[in-house]
Structures are given as structure tokens and as C-alpha cells.
2 protein chains.
Amino acid sequence: MVMTTGRRERKKAQTRKALADAAVRLFAEHGYDGVTVAQIAEAADVSIATLFAHVPDGKEALIFDDGAGRGDRLARAVRERPPGEPVPRALRRCLAAGGPFAGDLPPELRRKRDLIVNTPALRAYSRTLWIAGEPALAAAIAAESGQDPSGMAVRALARYVLEIPELAGAEPDPLAAMHAIFDLLEPGWPG
Amino acid sequence: MVMTTGRRERKKAQTRKALADAAVRLFAEHGYDGVTVAQIAEAADVSIATLFAHVPDGKEALIFDDGAGRGDRLARAVRERPPGEPVPRALRRCLAAGGPFAGDLPPELRRKRDLIVNTPALRAYSRTLWIAGEPALAAAIAAESGQDPSGMAVRALARYVLEIPELAGAEPDPLAAMHAIFDLLEPGWPG
DNA sequence: TCTAAAACTATAGTCATTCTGGATTTGTCG
DNA sequence: CGACAAATCCAGAATGACTATAGTTTTAGA
């Protein structure tokens, strides 16, 4: 019996959000290295042990409370794209919509995005979140082009696409940079 | 006056090597996480403070004593390739010669390579060493194709090439995997 | 209400890394 | 040679992330 809306789950999500909010605020104020996990736990009014129970992946994971499913979104975009649309175009669309490429964000999210882009530890962790979706994306691409999902060509393609945010995110014009990379990858695209 | 062969430099290199040797041996015996830097310092007969003076980048950097210049080798391979040879072919040759792709290595080096490939922390650090050569490789590629060295297309190309070792290094046939990736990148290659 | 799982906490570790402050060694120059 | 400055070394303490333990509170569900 999975009661997804029990008080327990609600409190859990609430605490997780309090931790993420405290982390974003404090990081923005004092910088990532200028804040200790003890201070974040204090600000969220929980013990350090509880903090790590909620965020087992550690300090860098604190601000990423909105699920890890970044890479998986791309796989879904491929699978559910309009019929006839080429795979790379679907990927361009999906990438452009989120992550570092979205044009106008609420100031709160913009601050968070800048924080990630400008903090090496957070950028690196963000990359691992994206890359975790590699098998899913490789499977989706392979299904469309009739290739082996574990073959190197498909795997590399998935990896290269998933690394675009980190590669283009810090450019003056991230969106243009993203398209430039796709223009590079598309000629070799299978199928 | 830079006396490159003074006793000081010699002792320094000697200690650095002792640390690297002790680290490789202990890591191979007990695994990366099964060894503390204190044990490595002990085995090399130096204090912990001295260990960090020799290896400021920390535990992962211990076994990489042979200069960081991996990525730079690729840039040189491009610049000094035989006249008329396409850039990608020169890169294939250079990559195939070293890193995880070399066929027959002395058992000592093979053990070290397996250690790196099978240890996430070491693999990640190895990647940062490769990637550090991105600007140099991008400059070399740009010079050949008459493009802007800081343009996204060239930068992405350099990055993607430098990530081949991490991407293909763990495959059953690393060399074949490497060539598969180049077959993917070459159609979009500029110039 | 009763019970067992889940969540919370304080406390005490372990480990990597940095800092401090002083000793020792080495290159150089008079 | 002998002294001086720089580089090197070291013990020891401190910081900070993270883990392990063991006991307390809260909640879900019968």
C-alpha cells in the first residue's frame, strides 16, 4: 500500500525543500565554499545527520531537489517526438526548453542557474546528473536508428548530446552554441 | 640560474616517484578507498604535510607523476603531422599509441591502467588531465581549418576528442571503439 | 490503542586537506 | 670555509565532509 500523499511523504518533501532553499540562499550569499553543511542544516532546522539522510549524495546535491531526471527527459523527447521529425531536431527542441538554455527565467531560477554555472563543484555534479541518462538516451536513439543500444557509436552520441549543457552553458550565447554543436554532430548521425 | 640537475631537484623527483610507486602498489593491493594518504606517506617515508606539498591536487593525483601533458600531446600531433595528412587521422594515430589503447604494455603499466579504468575517482581525475589540453587542441585544430579557436564548434570538437579515452577505455575492444567514435565525428569535421 | 517501521537526534568517529610554527637542508656568495 | 636566504621538511592541531552508533520520537496501519 503506497500512500503517496501521507503526512510522512509531505513532511519529507517539505524538509528536503527547506534544505534546498537554505542551500541556494546561503550559497548565493557566501559562495559554495563559504558555507558549511552544518550551517545549512542549522538554517533548515535539522541535524547534520538528518541532512545527510535526505541528501545522501552530499553537499553538491543539496540544491538539486527537483529530481535527477534531466537526461531521461531527452530520451522521452526522442520517443515521443512528432512523427517524421528527425531525432536531432527533437533533441534540439528539448534542450532549448530547459537547463541553461531557457531564455527568460524567474529571477529565483536564474540565480540558481548562475550559481551552478559558476561553481565548479556544482557544474560537475550537474554533469553527472545529465550523464546518468546516457543509457536511456542511447536506448532511445538506438531504437530509432535500428542499432545496437550498447554499441560505441550510439553510446558516444548519447554522451556527447548530454554533455552539451556543460559545454555550451557558459558561452555568451548558449543557445547558438548548442546549435553549433548539433551542426557538428548531425552529419555523422546514423539512420 | 636554473640548475635542472641539482641535488635538490633530484631528491624532489625521487620523493615524488616514491610516493607514486607506493600509491600504485597500495591501491592495487587494497583498492583506492582501502588506502589512506597517511599509509601512502608512511610507505614513502615522508610526513603527510610533505605528501601534500609534492601532490597539491590530492589523493587522486598521486599516481599521475608522469606529467599532465596528455592533452597537449594531441595538439602537437596535429601540428607536426606529415604534410597532407587529414587532422582526424593524425589524432587517431596519436590516441592509438598511448593511454588506454596501447596494445601490449609491460605488466606494471597494465596494472596501473586497469586501476585507473576501474576506479571512478581515478578515472574522473584522468579525464580532467585530458581535458586540460582542450585549449591547446582547439587552437591546433582551428589553425588547420582557419576557424576561430574560441568558437564553439572547434571547442566542442576538441573536447569530444579528448573525452574519447574515458568513453572508449572501458570497452571490450577500446581501439575499435575509438575508431567508431571518429567515424561519427569525421563527417562534421570542418575544413 | 498497540506495534513496528521510519525519521530524527546527539555524539563520536574517520579521512582528506590545510594551517602553523619551528627545525633542517641546500644553494650561493663573500 | 662560513653565513645567510630560500626551499624543504615535519609534528601537531584544526577544519570540514561524511559515516556509524545507539537511543528517542513520530507516524502508519491494524
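Each chain gets a letter, A, B and so on, in the order the sequences are listed, and its residues count up from 1.
In this structure B:A38 satisfies the side chain to side chain contact (heavy atoms under 4.5 Å, CB included) test together with B:T36, B:I48, sequence neighbours excluded. Listed by chain and number, the residues in a side chain to side chain contact (heavy atoms under 4.5 Å, CB included) with A:A139 amount to none (sequence neighbours excluded). Scored by the side chain to side chain donor-acceptor pair (under 3.5 Å) test, A:D33 finds no partners at all (sequence neighbours excluded). Take A:D114 and apply the side chain to side chain donor-acceptor pair (under 3.5 Å) test, not counting sequence neighbours, and it matches no residue. Qualifying side chain to side chain contact (heavy atoms under 4.5 Å, CB included) partners for A:P190, counting only residues two or more places apart in sequence or in other chains: A:S145, A:Q147, A:L157.
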Table please: side-chain donor-acceptor pairs of residues 160-170 of chain A below 3.5 Å, with sequence neighbours left out.
residue : atom : partner : partner atom : Å
A:Y160  : OH   : B:Y160  : O            : 2.9
A:E163  : OE2  : A:R127  : NE           : 2.9
A:E163  : OE2  : A:R127  : NH2          : 2.7

Please set out all donor-acceptor pairs under 3.5 angstrom arising from side-chain atoms of residues 15-25 of chain B, sequence neighbours excluded.
residue : atom : partner : partner atom : Å
B:T15   : OG1  : B:K11   : O            : 3.0
B:R16   : NH1  : B:L62   : O            : 3.1
B:R16   : NH2  : B:A61   : O            : 3.1
B:R16   : NH2  : B:L62   : O            : 3.1
B:K17   : NZ   : B:D21   : OD1          : 3.3
B:K17   : NZ   : B:D21   : OD2          : 2.8

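Its side chain outside the 4.5 Å cluster rule for every partner, A:I131 clusters with none of the Ile, Leu, Val, Met, Phe, Trp and Tyr residues. When hydrophobic side chains of Ile, Leu, Val, Met, Phe, Trp and Tyr are connected at separations under 4.5 Å, B:L109 ends up clustered with B:L105.
Atom pair B:L19:CG and D:dC9:C1' shows a separation of 13 Å (rounding to whole Å applied). Rounded to a whole Å, the CG atom of A:D45 is 12 Å from the C1' atom of C:dT9. Distance OH (A:Y125) to P (D:dA17): 16 Å, rounded to an integer number of Å. Whole-Å rounding puts the B:R16 CZ to D:dA7 P distance at 20 Å. Following rounding to the nearest Å, B:Q39 (CD) and C:dA16 (C1') show an atom-to-atom distance of 13 Å. Following rounding to the nearest Å, A:I40 (CD1) and D:dA17 (C1') show an atom-to-atom distance of 11 Å. Nucleotide C:dA6 holds its C1' atom 16 Å from the CZ atom of A:R10, rounded to whole Å. Put simply, CD on A:E9 is 10 Å from C1' on D:dA28, counting in whole angstrom units.
Residues from residues 21-33 of chain A with heavy atoms under 4.0 angstrom of DNA chain C: there are none. A heavy-atom distance below 4.0 Å to DNA chain C is reached by these residues of residues 49-58 of chain B, ordered by number: B:F52, B:G58.
B:D65 and B:K112 make their closest contact through OD1-NZ, 3.8 Å (heavy atoms, listed as atom of the first residue, atom of the second, distance). Of all heavy-atom pairs between B:G58 and B:F52, the closest is CA-CE2, 4.2 Å.
Residue A:I48 is classed as having no contact, given no heavy-atom separation below 4.0 Å to the nucleic acid.
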Under-3.5 Å N/O pairs linking protein and nucleotides 3-5 of chain C:
residue : atom : partner : partner atom : Å
C:dA5   : N3   : A:R8    : NH2          : 3.4

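Taking 4.0 angstrom as the limit, B:K11 places none of its side-chain polar atoms (N or O) nearer than this to OP1 or OP2 of D:dT8. Between B:K12 and D:dT8 there is a side-chain N or O to OP1 or OP2 distance below 4.0 Å.
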